[in-house]
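Read the structure below first, then the notes.
Bear in mind the structure is a predicted one, so any value in this text is a computation, not a measurement. What's counted below: heavy atoms across the whole structure, side chains too, no hydrogens, waters or symmetry copies. We name chains A, B, ... by the order of the sequence lines, and we start the count at 1 in each one.
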Number of protein chains: 2
Amino acid sequence: MVVDQSTETGIDRIFQALADATRRDIVSRVITASHSVTSLAEHYDMSFAAVQKHVQVLERALLVTKERRGREQLVRGRIDTIGRAAALLQAYEQIWAQRALRIDKILVEDTHKEKS
Amino acid sequence: MVVDQSTETGIDRIFQALADATRRDIVSRVITASHSVTSLAEHYDMSFAAVQKHVQVLERALLVTKERRGREQLVRGRIDTIGRAAALLQAYEQIWAQRALRIDKILVEDTHKEKS
DNA sequence: CTGATCTACAACCATTTGGTTGTACTTTAC
DNA sequence: GTAAAGTACAACCAAATGGTTGTAGATCAG
């Protein structure tokens, strides 16, 4: 299933989905093993429907997938999408690192000028 | 999962701030060099006040800082906060990688059982 | 078959978000 | 000193978010 998620709105959805502690906790649970929505809901002080909505947000952001097993719906994490978000932030760090290098170079050049 | 409330809300703010294409673009601009709010606003098809609000959201998330220079307010990126977000996502990847290792180990053990 | 379990989804509500316009305060330029 | 530039902030609005309750469809257990 190739989903075009390299769009800006795809990234919007990823970060928006991760901007909630409950949803991040759900991700951390389903990244190691599948869990039914009901078993996930047991951990939070809110209605089942609320947790169901959180899962829906994660699904829309492609951070989890659901797979039916009988009457249960098993939720599991999608590492590829998390990797995409991580890569984006690392790209920012890379840009910053290059700026830092550039500044270092300027400083070194200044030092040379002073010495000359 | 034991969570530090103040840290969690900090992470909420970081991801929420990054969940908007305009704000991500602002971050990518101010990460290499400082820019005044007005000069940032020139790039977007919205009012100055709207851009000012976006900068405010980024500031609250500690993704940028503002420094006054005369009548201008210079906005610059804070790499440490971006690094925090990147580290969190990398931690998820790490957890996932460990699960993958664990599964490999189980498969190997199963193979041994079959062989015995 | 019947009842319990698991999920889906609609309707509703309060709050937040992302935008607008308008006003006012500093600082700079002439 | 006056005008322009840069910013701050309030008031307002539509839409999205995060929660609720209620209803209904499948599926499983006895």
Side-chain angles (χ1 to χ4, degrees), chain A residues 7-30 33-77, chain B residues 3 5-6 8-30 33-77:
Chain A
T7 62
E8 290 293 292
T9 58
I11 298 171
D12 284 2
R13 288 200 188 108
I14 294 171
F15 285 127
Q16 208 274 327
L18 290 172
D20 181 282
T22 301
R23 286 196 291 263
R24 286 195 302 275
D25 192 72
I26 291 174
V27 167
S28 73
R29 288 179 190 278
V30 301
S34 297
H35 294 275
S36 72
V37 184
T38 297
S39 69
L40 285 172
E42 285 167 2
H43 298 98
Y44 312 105
D45 186 27
M46 64 184 76
S47 69
F48 167 79
V51 175
Q52 205 178 16
K53 277 194 183 182
H54 281 308
V55 171
Q56 214 172 349
V57 170
L58 290 170
E59 204 182 0
R60 219 173 78 101
L62 305 184
L63 282 164
V64 306
T65 49
K66 285 194 297 189
E67 188 184 349
R68 210 167 242 305
R69 194 186 60 182
R71 63 182 160 184
E72 290 181 325
Q73 195 84 264
L74 295 186
V75 183
R76 87 163 63 214
Chain B
V3 288
Q5 182 60 32
S6 61
E8 286 296 295
T9 58
I11 296 171
D12 283 3
R13 290 202 186 105
I14 294 170
F15 284 127
Q16 209 274 325
L18 292 173
D20 181 282
T22 301
R23 286 195 291 263
R24 286 194 302 276
D25 193 71
I26 291 174
V27 167
S28 73
R29 287 178 192 278
V30 301
S34 297
H35 293 275
S36 72
V37 184
T38 296
S39 69
L40 286 172
E42 285 168 4
H43 298 97
Y44 311 106
D45 186 25
M46 64 184 75
S47 68
F48 168 80
V51 175
Q52 204 179 17
K53 277 193 183 183
H54 281 308
V55 171
Q56 215 172 348
V57 170
L58 290 170
E59 203 182 1
R60 219 173 76 102
L62 305 183
L63 282 163
V64 306
T65 49
K66 284 195 296 189
E67 188 186 347
R68 214 169 238 303
R69 194 187 58 182
R71 64 183 158 184
E72 290 182 324
Q73 195 83 265
L74 294 186
V75 183
R76 85 164 64 217

Exercise: identify the closest heavy-atom pair between B:Asp12 and A:Ala21: OD1-N, 3.5 Å
Atom-to-atom span, CD of A:Glu67 to P of C:dT7 - whole angstrom: 13 Å
Nearest-angstrom distance from the residue atom CZ of A:Arg71 to P of C:dA8: 14 Å
Nucleotide D:dC9, atom C1' - distance to CD of B:Gln56 in whole Å: 9 Å
Euclidean distance, atom CZ of residue B:Phe48 to atom P of C:dG19 [Å, nearest integer]: 15 Å
Nearest-angstrom distance from the residue atom CG of B:Leu74 to P of D:dG6: 12 Å
Sub-4.0 Å heavy-atom contacts from residues 33-43 of chain A onto DNA chain C, ordered by number: A:Ser36, A:Val37, A:Thr38
Rounded distance in Å - NZ (B:Lys66) to C1' (D:dA8): 8 Å
Nucleotide D:dT7, atom P - distance to CZ of B:Arg68 in whole Å: 7 Å
Residue met sooner reading DNA chain C from 5', once B:Ala50 and A:Gln52 are mapped to nucleotides: A:Gln52
Side-chain donor-acceptor pair present, A:Thr38, A:Ser36, cut-off under 3.5 Å: no
Among C:dT20, D:dT7, C:dA8, the nucleotide that comes nearest once only the side chain of B:Ala49 is considered: C:dT20
Side-chain N,O (B:Ser47) to OP1/OP2 (C:dG19) below 4.0 Å: no
Heavy-atom closest pair, residues B:Gln73 and B:Glu67: OE1-C, 3.5 Å
Separation of C:dG18 C1' from B:Met46 CE (nearest whole Å): 9 Å
Validation row: B:Leu18, B:Leu63 side chains within 4.5 angstrom (heavy atoms): yes
4.5 Å side-chain heavy-atom contact, A:Phe15 and B:Arg24: yes
Residue among B:Arg23, B:Met46, B:Glu42 satisfying side chain to side chain contact (heavy atoms under 4.5 Å, CB included) with B:Val51: B:Met46
Gap between atom OG1 of A:Thr9 and atom CD1 of A:Ile14 - 0.5 Å precision: 10.0 Å
For nucleotides 14-18 of chain D, tabulate all protein N/O to nucleotide N/O atom pairs closer than 3.5 Å, reporting atom names and distance.
from   : atom 1 : to      : atom 2 : distance (Å)
D:dG18 : OP1    : A:Arg23 : NH2    : 3.3
D:dG18 : OP2    : A:Arg23 : NH1    : 3.1

Any A:Val57 side-chain heavy atom under 4.5 Å of A:Gln16 side chain: yes
Non-hydrogen side-chain atoms of A:Val75 and A:Val37 separated by less than 4.5 Å: yes
